[in-house]
Amino acid sequence: MQDLTIHDATLYDGSGAPPVHADIAVHQGVITAVGPGLAPGREAVNAAGLALMPGIIDTHTHYDAQITWDPALSPSPSLGVTTVVMGNCGFTIAPCRPEHRGLTMRNLTHVEGMPLPALENGIAWDFETFPEYLDALERRGTVPNVAAFVGHSSVRTWVMGEQATRRAATEGEVAQMRSLVAGAMEAGAVGFSTTASPQHNGEHGVPMPSRLADASELEALANTLRGSHGRLMITKGFETPMSFLESLSARSGRPFIVAALLHSAATPESVFEDMAAIRAASARGNRMYGAVSACPLTFEFTLAAPYVFEGLQAWQPAMQAHDRADYLALLRSAELRDALDRELSVRARRLFNGEWQRMFVLKARDAANTRFEGRSVADCAREAGVRPFDWLLDLALSEDLATEFFATLLNADEEAVGRLLCDPDALVSLSDAGAHLEFLCDAGFGLHLLGHWSRDLGVMPLERAVRRLTADAADAFGMGARGRIAPGMAADLLLFDPATVGRGPARRCADLPGGASRLVTPGKGVHGVWVNGARVANAQGLCEAGARPGRLLRRFDA
């Protein structure tokens with residue numbers, strides 16, 4: 001008898017083909033049969049009126065720390081995700097020497113919005129090297145399947161210590177890094193990740209270590225993957241030449257995932273120029289993918305942690321302030337405000353471009369200021385007759401930086417985003433699940449693609465949206481046994497209602513170690529999620545803790 005059968009489903013198999021009505025059977029975590037009239041298994045599910053697809057593969061997450069205390073990697077499985085790729089952007093917690101743990105956690109708090117108390121109370125440091133980290137994860141087990149990049153910043157810190165954020169590496173240090181990356185690949189890393197983004201800063205605004213790497217270091221580390229199964233991944237700087245990234249792919253012979261390709265109203269054609277360069281590279285035989293997002297890039301923030309502004313050069317003195325008094329004095333200073341105003345007067349490729357009409361007061365601390373809630377900074381500043389940055393800083397200072405703001409920064413133009421989502425060289429990605437916990441939650445990006453973009457806007461048919469989230473992701477990362485519904489494939493499955501599928505509004509909950517809070521978004525229209533044939537979520541969310549059917553993926557197709 002089969003372990004699981006699902007009957008009378010509208011089946012989207014991940015190939016992009018139109019749906020068919022069928023049953024499926026599962027035994028020992030593997031799909032054994034697809035067709036009509038299958039005999040019921042030990043667990044039989046009636047899927048009449050519902051759609052069945054492969055589980056979503058989330059290729060851009062930052063669960064590297066959370067996974068050590070939360071094997072469920074919540075909320076992803078309840079949002080239809082059955083496989084995650086973590087370690088993106090080079091922000092990993094392995095390898096890590098004991099003397100570097102504090103620095104690593106403080107950097108993650110800054111660059112990825114992870115509350116420090118959660119990291120300090122939650123991370124189980126039962127590893128030092130990357131192979132030891134993978135072994136520890138495999139011992140503990142997980143709910144979803146997991147693949148992990150080895151990260152450049154961690155590798156650099158292991159070799160160079162505090163010098164990793166101060167200078168270029170020597171030939172000897174690069175040789176040590178190559179050895180670490182090679183060892184990680186042998187242990188089962190999915191690839192090597194890095195960042196060149198000016199937005200990626202650690203404690204006190206110091207650039208994350210990989211940003212100090214010169215071209216020769218990047219070339220050497222990329223070439224370490226030659227002949228392996230590994231993938232290269234980078235979050236590019238706004239000015240990083242695509243030609244250089246193609247050269248890394250060409251010399252290493254490895255596929256390259258380039259993030260984060262988001263649309264900006266200030267420089268509307270730049271992201272399409274990047275996609276055109278990726279298309280041309282692929283035509284030349286150099287496999288490249290542009291990581292794009294199905295979600296607008298939104299942030300909730302206060303001036304106590306204003307990640308939104310950290311890509312601005314004029315904001316650097318504020319980031320480097322070593323105590324609160326100095327920071328507050330800088331926020332009051334005319335010099336800082338004038339510098340910010342001058343910089344924003346020039347349009348450029350960056351996270352925030354002065355689109356004050358898309359930044360709102362979410363919540364005021366003082367009753368006298370609640371009249372501003374729900375209003376844009378642009379409107380409030382215009383009404384007060386002052387510059388927007390002056391208005392925002394003055395309001396925040398008057399409330400001891402407790403004022404909560406909400407901003408939509410990028411990907412606000414739905415016509416442009418729809419073009420990106422339909423680009424054949426795009427990889428629908430960039431959930432950042434596990435990161436920016438205080439600011440956003442895009443872990444439900446897949447449900448958003450199925451509901452908002454496919455059903456509501458008709459940007460692509462549902463079968464194509466399913467393929468984007470499943471087979472396309474599996475192919476890009478060499479996960480040959482996943483991403484499709486067919487005999488012999490892993491039974492990673494999502495059962496949903498096409499009429500209601502989507503993601504709900506964000507809410508804040510305090511469920512992190514140490515009592516820290518985060519934003520989460522509930523799923524809509526999800527009726528069941530299975531990982532390797534075991535049910536892990538239903539219409540109410542995650543199933544009871546205990547089962548950990550996920551696999552640590554260590555082998556990938558070339």
Side-chain angles (χ1 to χ4, degrees), residues 14 54-64 73 76 79-91 112 144-149 151 190-195 197 199-200 231-236 245 255-263 271 274-275 278-279 282 287-298 410-411 416-436 440-450 452-454 459-460 464-479 482-483 494 503 521 553 556:
I56 295 167
I57 300 175
D58 187 344
T59 61
H60 192 107
T61 80
H62 292 279
Y63 280 123
D64 308 69
L73 279 64
S76 285
L79 300 169
V81 174
T82 56
T83 301
V84 305
V85 179
M86 62 187 193
N88 287 275
C89 311
F91 306 148
E112 290 296 342
N145 306 302
V146 175
F149 281 109
V190 71
F192 171 77
S193 68
T194 188
T195 183
S197 170
Q199 195 72 30
H200 285 156
R231 271 65 180 164
L232 296 167
M233 181 273 155
I234 189 171
T235 297
K236 68 186 289 288
L245 301 183
F256 210 146
I257 292 90
V258 182
L261 303 189
L262 302 169
H263 183 265
V271 68
D274 285 344
M275 286 305 308
I278 287 171
R279 188 175 309 113
S282 296
R287 283 184 290 168
M288 297 184 73
Y289 304 87
V292 305
S293 175
C295 305
L297 184 61
T298 61
L410 299 170
N411 262 25
V417 175
R419 286 175 58 191
L420 290 172
L421 295 174
C422 292
D423 191 302
D425 294 291
L427 187 65
V428 180
S429 179
L430 304 179
S431 81
D432 265 356
H436 304 301
L440 59 83
C441 178
D442 284 345
F445 77 106
L447 303 183
H448 190 59
L449 183 74
L450 299 173
H452 179 71
W453 290 102
S454 178
V459 165
M460 64 181 74
R464 179 56 178 151
V466 168
R467 178 173 174 173
R468 301 250 72 181
L469 299 169
T470 58
D472 284 355
D475 291 346
F477 279 82
M479 300 176 184
R482 302 182 192 278
L494 167 58
R503 60 174 186 167
T521 54
L553 306 182
F556 306 89

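All of these numbers come straight from a predicted model, not from anything done at the bench.
- For Asn145, the side-chain hydrogen bond (donor to acceptor under 3.5 Å, both in side chains) criterion is met by Thr83, Asp492, Asn532, not counting sequence neighbours.
- A distance of 7.5 Å separates CG in Leu427 from CG in Asp472, rounded to the nearest 0.5 Å.
- The heavy-atom pair separating Gly478 from Arg231 by the smallest distance is N-NH2, 3.2 Å.
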(Q) As a quick check of understanding, evaluate side chain to side chain contact (heavy atoms under 4.5 Å, CB included) for His200 and Phe91, giving each step before the final call. (A) CA-CA 10 Å; His200 285 156; Phe91 306 148; 3.4 Å; yes
Q. Under the side chain to side chain contact (heavy atoms under 4.5 Å, CB included) criterion, do Thr59 and Met233 qualify, and how do the steps go?
A. CA-CA 11 Å; Thr59 61; Met233 181 273 155; over 6 Å; no
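- Among residues two or more places apart in sequence or in another chain, the side-chain contact (heavy atoms from CB on, under 4.5 Å) test is passed with Thr61 by Asp58, Tyr63, Val84, Met86, Ser431, Ala433.
- Using a 4.5 Å cut-off on side-chain heavy atoms (C-beta onward), Leu245 and Ile234 make contact.
- Applying the side-chain contact (heavy atoms from CB on, under 4.5 Å) rule to Ala474 yields the partners Ile57, Met479; only residues at least two apart in sequence or on another chain are considered.
- Rounded to the nearest 0.5 Å, atoms CD1 (Ile257) and CG (Leu232) are 7.5 Å apart.
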Q: Determine, step by step, whether Leu447 and His452 satisfy the side chain to side chain contact (heavy atoms under 4.5 Å, CB included) criterion, reporting the C-alpha distance in whole Å, the side-chain angles of both residues, the deciding distance to 0.1 Å, and the verdict.
A: CA-CA 8 Å; Leu447 303 183; His452 179 71; over 6 Å; no
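- Side-chain contact check for Thr470 versus Leu494: every heavy-atom pair is 4.5 Å or farther apart.
- For Asp423, the side-chain contact (heavy atoms from CB on, under 4.5 Å) partners at least two apart in sequence or on another chain are Met275, Arg279, Asp425, Ala426.
- Side chain of Ser197 to main chain of Lys236: no donor-acceptor pair is present (N/O by atom type, distance under 3.5 Å, no hydrogens or angles).
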Donor-acceptor contacts, no H, no angles, side chain residues 287-297, under 3.5 Å, sequence neighbours left out:
residue : atom : partner : partner atom : Å
Arg287  : NH2  : Ala558  : O            : 3.0
Ser293  : OG   : Cys295  : N            : 3.0
Ser293  : OG   : Cys295  : O            : 3.2

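- Without hydrogens or angle criteria, Thr194 side chain to Gly90 main chain gives no donor-acceptor distance under 3.5 Å.
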Q. Does the side chain to side chain donor-acceptor pair (under 3.5 Å) test come out yes or no for Asp432 and His62, once each step is laid out?
A. CA-CA 6 Å; Asp432 265 356; His62 292 279; 3.3 Å; yes
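- In this structure, CG on Asp442 lies 10.5 Å from CG on Leu79, to the nearest 0.5 angstrom.
- Residue Leu450 holds its CG atom at 5.5 Å from CG of Leu469, rounded to the nearest 0.5 Å.
- Applying the side-chain contact (heavy atoms from CB on, under 4.5 Å) criterion to Val190, with sequence neighbours excluded, gives Val85, Ala147, Phe149, Phe477, Phe556.
- The distance from atom OG of Ser454 to atom CZ of Arg464, rounded to the nearest 0.5 Å, is 11.5 Å.
- Side-chain contact between Leu449 and Met460 is present, with heavy atoms from C-beta onward closer than 4.5 Å.
- Among Leu262, Asn88, Asn411, the single residue meeting the side-chain contact (heavy atoms from CB on, under 4.5 Å) criterion with Leu430 is Leu262.
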